[in-house]
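In listed order, ligands and their atoms are each counted from 1. Only heavy atoms go into these numbers, but all of them, side chains included; no hydrogens, no water, no symmetry mates.
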Amino acid sequence: MKRIALFPGSFDPFTKGHEDIVLRGLNLFDEIIIAIGYNSGKTHRYFPIDFMIEKIKHTFVNHPNISVQVYSELTAEFAKRNKARFLLRGLRNTTDFEYENSIAQVNKQLNGELESVFLITSPPFAYISSSIIREVHKYNGDISHLIPYTL
Ligand code: ADP
């Protein structure tokens with residue numbers, strides 16, 4: 001049975017920290033689906049959804065076992081529909097841990113077959129967050145060293 005993992009998030013934008021988690025996840029899983037949570041009516045994004053999908057696809061163009069999908073339902077349901085038994089998440093610090101701990105418990109209740117798997121961030125990427133990148137970009141700062149593609 002193929003080991004399929006979902007890597008869910010907003011990815012607004014997708015960062016080098018995210019890329020690192022996905023590439024390391026390939027050592028554990030046969031297939032990784034990068035799942036962008038997005039509801040066209042409700043979600044306000046800084047980087048448009050279609051733009052980000054293209055950039056992520058381009059980043060992993062040489063990895064046929066990595067795909068990108070958009071979803072607007074419970075992550076646990078989306079995982080089930082895609083036969084993903086694992087949720088891949090990254091942990092940077094205790095704040096991430098507190099948040100991820102609660103989400104993992106809820107997801108387990110919603111879908112008992114789903115296992116959340118956490119990778120500790122690689123130190124060079126530990127300070128990178130999508131919100132900081134948005135802030136720097138908004139004021140015309142250079143973000144090229146924080147993302148794995150060119151804008
Ligand atoms: P969310 O909308 O759930 O906050 P994000 O798009 O910010 O999603 O991140 C998705 C996942 O990537 C989360 O598990 C988050 O902890 C992880 N992550 C974000 N930035 C980094 C980083 N620099 N290093 C490792 N993991 C990260």
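- For the pair I21 and ligand 1, a heavy-atom separation below 4.0 Å is found.
- Every N/O-N/O distance between G9 and ligand 1 stays at or above 3.5 Å.
- Contacts between H18 and ligand 1, counted as non-hydrogen atom pairs separated by less than 4.0 Å, involve the side chain only.
- For ligand 1 and R89, the ligand atoms under 4.0 Å from any heavy atom of the residue are 3 (O), 10 (C), 11 (C), 13 (C), 14 (O).
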Legend entry - Y46 vs M52, side-chain contact (heavy atoms from CB on, under 4.5 Å): CA-CA, chis, key distance, verdict: CA-CA 10 Å; Y46 183 84; M52 198 45 56; over 6 Å; no
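- When F118, F7, F29 are each tested for a ring pair (Phe, Tyr, Trp, His ring centres under 6.0 Å) with F86, only one passes: F29.
- With hydrogens left out, the protein atom closest to atom 21 (C) of ligand 1 is R92 CD, 3.6 Å, a heavy atom.
- Every atom of ligand 1 with a heavy atom of D96 under 4.0 Å away is listed here by number and element: 16 (O).
- Short contacts between ligand 1 and I128, defined as distances under 4.0 Å to a heavy atom of the residue, involve ligand atoms 20 (N), 22 (C), 23 (N).
- The shortest N or O to N or O distance between S129 and ligand 1 is not below 3.5 Å.
- Not a single donor-acceptor pair under 3.5 Å links the side chain of Y71 to the backbone N or O of P8.
- For atom 2 (O) of ligand 1, the closest heavy atom belonging to the protein is S10 OG, 2.4 Å.
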Inset, instruction - Given side chain to side chain donor-acceptor pair (under 3.5 Å), test S129 with R92 step by step and report yes or no. - result: CA-CA 10 Å; S129 73; R92 284 164 293 189; 4.7 Å; no
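- Within a 4.0 Å radius of atom 26 (N) of ligand 1, the protein has at least one heavy atom.
- From E100, atom CD reaches atom CG of N107 across 9.5 Å, with rounding to the nearest 0.5 Å.
- K138 NZ to N140 CG: the interatomic distance, rounded to the nearest 0.5 Å, is 11.5 Å.
- Under 4.0 Å from ligand 1, the heavy atoms of F7 that appear belong solely to its side chain.
- Using modelled atom types, one side-chain atom of N111 and one backbone atom of A76 make a donor-acceptor pair closer than 3.5 Å.
- Every atom of ligand 1 is numbered from 1 in the order shown, and the set under 4.0 Å from a heavy atom of F125 is 22 (C), 23 (N).
- Among all non-hydrogen protein atoms, the one lying nearest atom 15 (C) of ligand 1 is G90 O, 3.7 Å.
- Counting protein heavy atoms only, atom 6 (O) of ligand 1 is closest to F11 N, 3.0 Å.
- Looking at atom 24 (N) of ligand 1, its nearest protein heavy atom turns out to be T121 OG1, 2.9 Å.
- Under the 4.0 Å criterion applied to side-chain N and carboxylate O atoms, R45 and D12 are assigned as salt-bridge partners.
- Where the criterion is an N or O separation shorter than 3.5 Å, residue side chain and backbone included, T15 fails it with respect to ligand 1.
- Between K16 and D20, no side-chain nitrogen of the basic residue sits less than 4.0 Å from a carboxylate oxygen of the acidic one, so the salt-bridge criterion is not met.
- Residue E100 places a heavy atom less than 4.0 Å from ligand 1.
- One finds the CG atom of N93 at 9.0 Å from the OG1 atom of T121 (value rounded to the nearest 0.5 Å).
- Ligand 1 has P8 within reach: a non-hydrogen atom of the residue lies less than 4.0 Å from it.
- Without hydrogens or angle criteria, T15 side chain to H18 main chain gives a donor-acceptor distance under 3.5 Å.
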